Amino acid sequence: MTTIYDFELPRGFIGTDGTVHKRGKMRLATAGDEIGATKDPRVLGNPSYLTIVILARVVTEIEGVPAIVPAVIESLFTADLAFLQDMYQRINNIEPPVVKAVCPECGHAHEVPVNFTAEG
């Protein structure tokens, strides 16, 4: 079973010296990752911060970055954050969010999965 997945960020993390870091690794999440993140004081003060804390726990490496901490995840471009959120959902088999859509031609209503990446 694969538990660690390689990735390449669409934009990349820009280090303090201006170097762009794109390649990294993400591991599968554990129950402890999610439970621990909900107890983080930053999440208690701002529930939107949950994504940042969880990703800082499961992103194990961004090539050339000494440690993956919430400040690193906060510094990512929004395209990279969306990419990591989508990857997290895919590798942990979490159902993607869906939106209700209606075909403008036939009027058929259906649900369409929301894809946060530029990939098909």
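All figures in this text were calculated on a predicted structure; none of them were measured in a lab.
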(request) Could you tell me the separation between the CD1 atom of I62 and the NZ atom of K22, rounded to the nearest 0.5 Å? (result) 12.5 Å

(message) Tell me whether N92 contacts the main-chain N or O of Y88 through its side chain, where contact means a donor paired with an acceptor under 3.5 Å.
(response) yes

(message) Just verifying a value: how many Å separate I73 CD1 and Y49 OH, rounded to the nearest 0.5 Å?
(response) 9.5 Å

(request) With the side chain counted from C-beta on, respond yes when L55 and L81 share a heavy-atom pair under 4.5 Å apart, and no when they do not. (result) yes

(message) Contact between I68 and V65 at the side-chain level, heavy atoms closer than 4.5 Å - yes or no?
(response) yes

(request) Working to the nearest 0.5 Å, report the span between CZ of F7 and CE of M87. (result) 6.5 Å

(request) Mind checking the NE2-CG spacing from H21 to L9? Nearest 0.5 Å is all I need. (result) 11.0 Å

(message) Restricting to non-hydrogen atoms, name the atom on V102 and the atom on G107 that form the minimum distance, rounded to 0.1 Å.
(response) CG1-O, 3.6 Å

(request) Could you pull out the closest heavy-atom pair between A56 and V69, with the gap in Å? (result) CB-C, 3.8 Å

(message) Do I91 and M26 have side chains that approach each other closer than 4.5 Å (heavy atoms only, starting at C-beta)?
(response) yes

(request) Let me see the working for L28 and Y5 under side-chain contact (heavy atoms from CB on, under 4.5 Å), right down to the final yes or no. (result) CA-CA 8 Å; L28 290 177; Y5 298 82; 3.9 Å; yes

(request) May I have all residue pairs that pass side chain to side chain donor-acceptor pair (under 3.5 Å) and include part of residues 6-18, sequence neighbours excluded? (result) D6-K25, D17-T19

(message) Going by salt bridge (Lys or Arg N to Asp or Glu O under 4.0 Å), name the pairs with one or both residues in residues 45-66, residues two or more places apart or in two chains.
(response) D33-R57

(message) Can you tell me how far apart CG (D80) and CG (L84) are? Round to the nearest 0.5 Å.
(response) 7.0 Å

(request) Could you pull out the closest heavy-atom pair between S75 and F13, with the gap in Å? (result) CB-CE1, 3.7 Å

(request) State, yes or no, whether a side-chain contact exists between T3 and R27 at a heavy-atom distance under 4.5 Å. (result) no

(request) Would you name the heavy atoms of L50 and A37 that are closest together and state the gap between them? (result) CD1-CB, 3.6 Å

(message) Can you list, by chain and residue number, the hydrophobic cluster partners of I35 when the side-chain cut-off is 4.5 Å?
(response) none

